[in-house]
**Q** 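I'd like to ask some things about the structure below.
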Amino acid sequence: QVEIVESGGGSVQNGGSLRLSCAASGFNSPHYAIAWFREVPGKKREGIVCRSNTDNSTFYKDSVKGRFTISKTDSEDESETMFYLHMTRLNPEDTARYLCAVDERYWYCAHSRPGALNQATAWGQGTQVTVSA
């Protein structure tokens, strides 16, 4: 079973940058898709960036395109994979709880919903990002 732990959230001023980390372990195969989501109380959770580990295709939601970047590193023994979300030019609308999720059933991202998975099979607990004006 995949385990996911996010970290790196915090408070930052308008225009600032943060790097979030998603530590994922327990994969059964190298075929999966991973995505960063964010949620705000009272609003629907939204996928903001999705990457397929099968073909490295990556999709960004328009609201973060050009400002956020996803990257990946593997541990030396390949027991854990780190996915990073590099966030720049943050603004107060980016304030949210950011969650990392994995889809091991469908190996590719949801093409009709840029930034989202077809079906998340594992979620992390999330990390809070607050951007002050």
**Q** For C109 and S57, work out which heavy atoms get closest and say how close.
**A** SG-O, 4.3 Å
**Q** If hydrophobic clusters are built by linking Ile, Leu, Val, Met, Phe, Trp and Tyr wherever their side-chain heavy atoms come under 4.5 Å apart, do Y60 and F37 end up in the same one?
**A** no
**Q** Please round to the nearest 0.5 Å and tell me the distance separating atom CG of N28 and atom CD of Q1.
**A** 10.0 Å
**Q** Would you say S7 and L20 make side-chain contact, with heavy atoms under 4.5 Å?
**A** no
**Q** Have T81 and D74 got a donor and an acceptor in their side chains that come within less than 3.5 Å?
**A** yes
**Q** Tell me whether N118 contacts the main-chain N or O of Y108 through its side chain, where contact means a donor paired with an acceptor under 3.5 Å.
**A** yes
**Q** With heavy-atom distances below 4.5 Å as the criterion, would you say the side chains of R97 and V129 are in contact?
**A** no
**Q** Between the main-chain N or O of H31 and the side-chain N or O of T54, is there a donor-acceptor pair closer than 3.5 Å?
**A** no
**Q** Is a donor on one side and an acceptor on the other found under 3.5 Å between the side chain of N53 and the backbone of P30?
**A** yes
**Q** Quick one: are R113 and F59 in side-chain contact, heavy atoms under 4.5 Å?
**A** no
**Q** Using a 6.0 Å cut-off, check whether atom CH2 of W123 has over 12 heavy atoms from anything other than its own residue.
**A** yes
**Q** Side chains of K72 and I70: does their closest heavy-atom pair fall under 4.5 Å?
**A** no
**Q** Would you call the rings of F27 and Y32 parallel, tilted or perpendicular if under 30° counts as parallel and over 60° as perpendicular?
**A** parallel
**Q** Which atom names give the shortest non-hydrogen contact between L117 and C50, and what distance separates them?
**A** CD2-SG, 3.7 Å
**Q** Just so I know, are the side chains of P92 and N14 near enough to count as touching, which here means a heavy-atom distance under 4.5 Å?
**A** yes
**Q** To check you understand the geometry: which heavy-atom pair defines the closest contact between I4 and V2, and what is its length?
**A** CG1-CG1, 3.9 Å
**Q** Is it the case that over 12 heavy atoms from other parts of the model lie below 6.0 angstrom from the CD atom of Q128?
**A** yes
**Q** Could you walk me through whether E39 and E46 satisfy the side-chain contact (heavy atoms from CB on, under 4.5 Å) test, starting with their C-alpha distance in whole Å, then the side-chain angles of each, then the deciding distance to 0.1 Å, before giving a yes or no?
**A** CA-CA 6 Å; E39 61 183 11; E46 63 173 357; over 6 Å; no
**Q** Can you tell me how far the OG atom of S52 sits from the CH2 atom of W107, to the nearest 0.5 Å?
**A** 9.5 Å
**Q** Using modelled atom types and a 3.5 Å cut-off, is there a donor and acceptor pairing between side-chain atoms of T121 and backbone atoms of E104?
**A** yes
**Q** How long is the gap from CD1 on I34 to CZ on R51, to the nearest 0.5 Å?
**A** 9.5 Å
**Q** Under 4.5 Å between any side-chain heavy atoms of S21 and E6, yes or no?
**A** no
**Q** Distance only, no hydrogens: is a donor on one side chain within 3.5 Å (strictly under) of an acceptor on the other, for H86 and S17?
**A** no
**Q** Verify, without hydrogens or angle tests, whether S25 (side chain) and E80 (backbone) share a donor-acceptor contact under 3.5 angstrom.
**A** no
**Q** Would R19 pass as a cation-pi partner of Y84, given that its NZ or CZ must be under 6.0 Å from the six-membered ring centre and within 45 degrees of the axis?
**A** yes
**Q** Is the shortest side-chain heavy-atom distance between R38 and V64 below 4.5 Å?
**A** yes
**Q** What is the minimum heavy-atom distance between P114 and H111, and which atoms define it?
**A** CD-O, 4.2 Å
**Q** Is there a donor-acceptor pair closer than 3.5 Å between any side-chain N or O of T127 and the backbone N or O of Y98?
**A** no
**Q** Exactly one of L18, V49, L85 should register a side-chain contact (heavy atoms from CB on, under 4.5 Å) with F68. Which one does?
**A** L85
**Q** Return yes when atom CZ of R105 has more than 12 non-hydrogen atoms of other residues, nucleotides or ligands closer than 6.0 Å, and no otherwise.
**A** no
**Q** Measure the shortest side-chain to side-chain distance between L99 and R45 over non-hydrogen atoms and say whether it is less than 4.5 angstrom.
**A** yes
